[in-house]
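Since the structure is predicted, the reported quantities are computational estimates derived from the model, not experimental observations.
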Amino acid sequence: MNLNPLYELKERLESAMIAGVSLLSEDFRLARAVGQMEPLAKASPVFQKIYQGAQSLVSGEGTDKSDVLLDVLALADAVLTTQAAVAVEGPVEPLAAAGGPVRSDAPYSQLAPILEALTTTGSGHYSLIVDTHDRNPGIFSDYRLKPYLIAGLNAGYTELAERMEEWLGQEDGSLLPLLKDGFDPKGKKEMVRRVHVVEAIAGAGENGWYLSQLEEAEKDVRAALIQALRHTQENREALIALSKSEKGNCKKAAMWALAKMEGTQNLDFWEAQMKKKPDTAAKYLALATDDGRSELVAQAIMDALDKLQAQLGDGDRLLSAKDHSKLLSLFSSMVGKASPKMLDAYRRLASDSLLGQMEMEKGQPVQFLGNSLLEKDMDMPVSHFIAGMLAESILWCMDSRLLSLAGELYQSYGDTFLKPALITALLTAPQEEVYNAFATRLAEEGIPQKETARQKQLRLGIMEVFALISWDKARQQYVISYNFLDESKGKQATSSRPIQEGLHPGWFEILTDPKIKKSGAFCISKDAKIQDYYGYYTDWDTVLANLINPQNQRDCQVLGEYFYKRAYTAANDMRYYPLLRACGYYQAKGLVVRSLKKGKNHFWNLEYMMKEIPLSTEDKLEELEEVKKMVEGNSVRVTGWSEEKYQELYTRVAKGM
């Protein structure tokens with residue numbers, strides 16, 4: 001149907017509106033356009049209505065021409081809108097995915113603060129974005145935010161950019177077009193993170209894209225694309241070629257991709273690598289758990305020990321720094337491996353008979369520095385180090401063969417293998433059995449006035465395990481966790497396993513006993529930043545704080561009393577206040593007054609204490625009034641104090657703060 005007459009009529013009606021309705025009957029162009037509508041009027045009732053209305057405008061009949069003009073124009077516009085079409089030459093192609101729903105139920109008022117934080121600079125943006133995500137992660141799936149989240153991968157604050165990379169990696173394939181749009185293979189960190197997000201979402205599904213971008217990619221982006229090739233074994237030969245042709249980080253990326261490649265063990269490749277340079281190759285296999293690669297690492301350890309045995313047989317007791325470094329790399333790659341030969345390697349090292357006879361420079365005994373489950377800055381003999389590696393292995397893969405080995409070595413060598421044995425018991429045995437077997441080791445013959453070296457070793461060994469335990473609110477159970485260093489990503493990889501039956505109440509009694517020493521620093525993870533064998537450490541009270549289960553009133557009462565006593569004797573240490581609240585310990589009256597008497601104070605300290613102290617409103621007000629008397633009597637000095645601030649604080653407390 002030819003709608004040109006209707007288009008022309010609409011155009012003439014719009015011109016007539018400008019000229020004025022009084023001239024309608026004299027407009028010959030409008031009269032001609034109306035005449036051209038007559039054939040259409042016979043074809044449809046709606047066209048007939050438009051034609052009749054337009055005729056009345058040019059005929060001079062009627063007095064309400066303004067209303068008629070508007071009605072006819074509106075009807076013509078509506079008809080043309082419904083009949084409109086757009087076309088381009090060429091074959092029909094499906095539209096690309098839009099990246100998710102165009103809108104969500106979230107009002108713009110909720111999105112606005114996030115958009116502002118993502119698109120502007122200023123303090124507090126990190127906290128706003130992260131806190132909002134913690135409270136309402138669903139809002140970040142709104143398509144209106146996604147382009148800004150992708151742009152945020154270039155955030156100047158690295159931690160924020162990494163968090164957004166993590167969040168985006170949990171989206172579905174609808175995000176991929178946005179990630180690819182504007183991708184620069186020669187770019188910097190933002191583009192590296194885009195690659196990470198693409199492979200987190202699609203894995204092998206985007207293998208073609210990785211390969212296509214690799215042709216022009218440079219530096220870190222190239223390394224990221226190479227490592228992304230690990231998702232399909234079809235890339236095996238290409239990765240082997242890249243491991244030979246590339247240099248620096250790109251060469252390492254190819255090696256990591258081969259080490260992480262799923263679907264094949266690549267044993268022939270890694271066997272050749274282990275023969276050439278076993279300590280370097282072993283680093284790439286650090287967290288591998290399959291028996292094939294486990295046997296390769298174990299054989300390299302056995303070969304190194306055989307070489308040292310021969311050296312010792314020749315009368316040479318010196319372990320060179322180079323050989324020490326090689327052994328450290330091989331030992332650290334034992335994590336998660338439980339093949340038969342690896343179990344034999346553990347048994348051989350547990351005896352410490354070989355390396356115990358050797359020495360470092362200046363006659364020092366052979367030791368290995370601070371691995372995961374050893375006391376901070378403490379060098380320990382090889383057997384202790386190996387016990388730590390066994391404990392890590394159990395947490396990483398919980399292979400039944402490792403669990404059995406832990407019991408075997410604990411039976412044979414006693415306290416040296418206390419940690420892996422305790423971890424095994426927590427993960428597999430009833431809570432009472434665990435408590436009876438291990439807790440009493442802290443006080444086998446009563447708690448002594450002066451701690452012996454053996455008693456200290458037992459105390460620290462047990463607490464090093466408890467440093468890894470925490471109450472998981474989401475799971476509603478105790479878990480034992482450890483952050484491993486995944487060097488392939490330069491990040492931590494967390495393993496978290498539930499304790500079989502929770503913790504026996506006796507643990508809380510004995511660990512808070514005032515007669516038990518509370519010294520010690522306990523490792524909770526390896527450091528992914530400096531990439532060595534140091535880690536992050538925590539103290540005794542923080543370990544106990546992580547054990548708070550708000551639903552267990554009995555254990556919370558024990559912990560609450562302990563934290564109250566620590567706060568009461570500490571010099572204004574406010575970290576105990578939220579712990580008391582978490583325990584639901586509402587018997588802390590007098591603590592604020594006591595804290596102010598013992599330390600230097602500022603008014604904000606007082607505000608914080610009044611907010612966090614678990615007391616009734618009435619008790620808080622009494623505490624405040626006592627503080628005022630002390631300040632006015634000059635027995636306590638509070639920097640920043642004023643009557644106005646005090647009254648404001650008093651009012652807030654009275655309203656429930």
Side-chain angles (χ1 to χ4, degrees), residues 88-100 141 143 145-155 158 161-162 164-266 269 284 486-491:
V88 294
E89 294 182 0
V92 177
E93 296 179 359
L95 291 173
S141 295
Y143 184 66
L145 288 179
K146 289 181 181 178
Y148 300 99
L149 290 171
I150 292 174
L153 295 174
N154 194 35
T158 302
E162 290 177 348
M164 287 190 278
E165 176 187 324
E166 176 187 345
W167 300 337
L168 289 170
Q170 298 169 6
E171 297 286 340
D172 59 29
S174 63
L175 188 67
L176 294 174
L178 284 176
L179 290 164
K180 296 177 182 178
D181 185 28
F183 180 80
D184 181 4
K186 298 181 180 180
K188 297 183 179 180
K189 197 64 178 180
E190 175 193 357
M191 300 303 156
V192 173
R193 294 192 179 103
R194 286 203 194 194
V195 175
H196 293 165
V197 176
V198 170
E199 65 167 317
I201 293 173
E206 286 294 333
N207 193 64
W209 183 76
Y210 308 142
L211 291 168
S212 67
Q213 296 299 319
L214 193 59
E215 296 176 4
E216 298 182 17
E218 297 178 355
K219 298 181 180 179
D220 290 345
V221 179
R222 183 172 182 81
L225 288 164
I226 290 174
Q227 200 159 333
L229 298 178
R230 73 186 186 278
H231 293 289
T232 172
Q233 57 183 320
E234 295 174 4
N235 296 327
R236 180 177 182 273
E237 296 302 323
L239 284 169
I240 291 176
L242 288 168
S243 71
K244 297 175 181 178
S245 62
E246 297 290 328
K247 296 180 180 180
N249 288 337
C250 291
K251 180 181 180 67
K252 291 179 181 179
M255 296 291 286
W256 280 118
L258 287 164
K260 297 284 186 179
M261 182 175 283
E262 297 179 4
T264 176
Q265 295 179 354
N266 298 309
F269 173 81
Y284 292 106
D486 184 349
E487 290 194 59
S488 67
K489 299 178 180 178
K491 295 181 180 180

Using atom types as modelled, flag every donor-acceptor pair under 3.5 Å from a side chain in residues 210-218 to any protein atom, sequence neighbours excluded.
| unit_1 | atom_1 | unit_2 | atom_2 | d |
| --- | --- | --- | --- | --- |
| Tyr210 | OH | Gly203 | O | 2.8 |
| Ser212 | OG | Gly208 | O | 3.3 |
| Ser212 | OG | Trp209 | O | 2.8 |

Extract all donor-acceptor atom pairs below 3.5 Å that involve side chains of residues 178-186 and protein atoms in other chains or at least two apart in sequence.
| unit_1 | atom_1 | unit_2 | atom_2 | d |
| --- | --- | --- | --- | --- |
| Lys180 | NZ | Glu206 | OE1 | 2.7 |
| Lys180 | NZ | Glu206 | OE2 | 3.2 |
| Asp184 | OD1 | Lys186 | N | 3.0 |

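Here the shortest heavy-atom pairing between Ser141 and Glu171 reads OG-OE2, 3.5 Å. For the residue pair Val195 and Ala228, the shortest heavy atom distance occurs at CG1-CB, 4.4 Å. Of all non-hydrogen atoms in Ala253 and Ile226, the two that sit nearest each other are C-CG2, 3.9 Å. In terms of heavy-atom proximity, Gln227 sits nearest to Ser488 at NE2-O, 2.9 Å. Considering every non-hydrogen atom in both Cys250 and Ala223, the closest pair reads SG-N, 3.8 Å.
Atom NE2 in His196 sits 9.0 Å away from atom CG in Leu225 (nearest 0.5 Å). Atom OH in Tyr143 sits 8.5 Å away from atom CG in Leu175 (nearest 0.5 Å). The structure places CG of Asn207 at 4.0 Å from CG of Asn235, a figure rounded to the nearest 0.5 Å. Within the model, atoms CE of Met255 and CG of Leu239 stand 11.0 Å from one another, a figure rounded to the nearest 0.5 Å. Distance CD1/Ile201 to OG/Ser174: 8.0 Å, rounded to 0.5 Å.
By the 4.5 Å heavy-atom criterion applied to side chains, Ile240 and Asn266 are not counted as neighbours.
Within the structure, side-chain hydrogen bond (donor to acceptor under 3.5 Å, both in side chains) pairs that include any residue of residues 240-250 comprise Arg222-Glu246 (at least two apart or interchain). Among residue pairs with one or both ends in residues 187-202, those qualifying as salt bridge (charged side-chain N to carboxylate O under 4.0 Å, His left out) are Glu165-Arg193, Glu190-Arg194, Glu199-Arg230; sequence neighbours excluded. The ring-ring contact (aromatic ring centres under 6.0 Å, His included) analysis of residues 213-257, with sequence neighbours excluded, yields the pairs Trp256-Tyr284.
Evaluation of the salt bridge (Lys or Arg N to Asp or Glu O under 4.0 Å) rule for Lys260 yields Asp486 as partners, not counting sequence neighbours.
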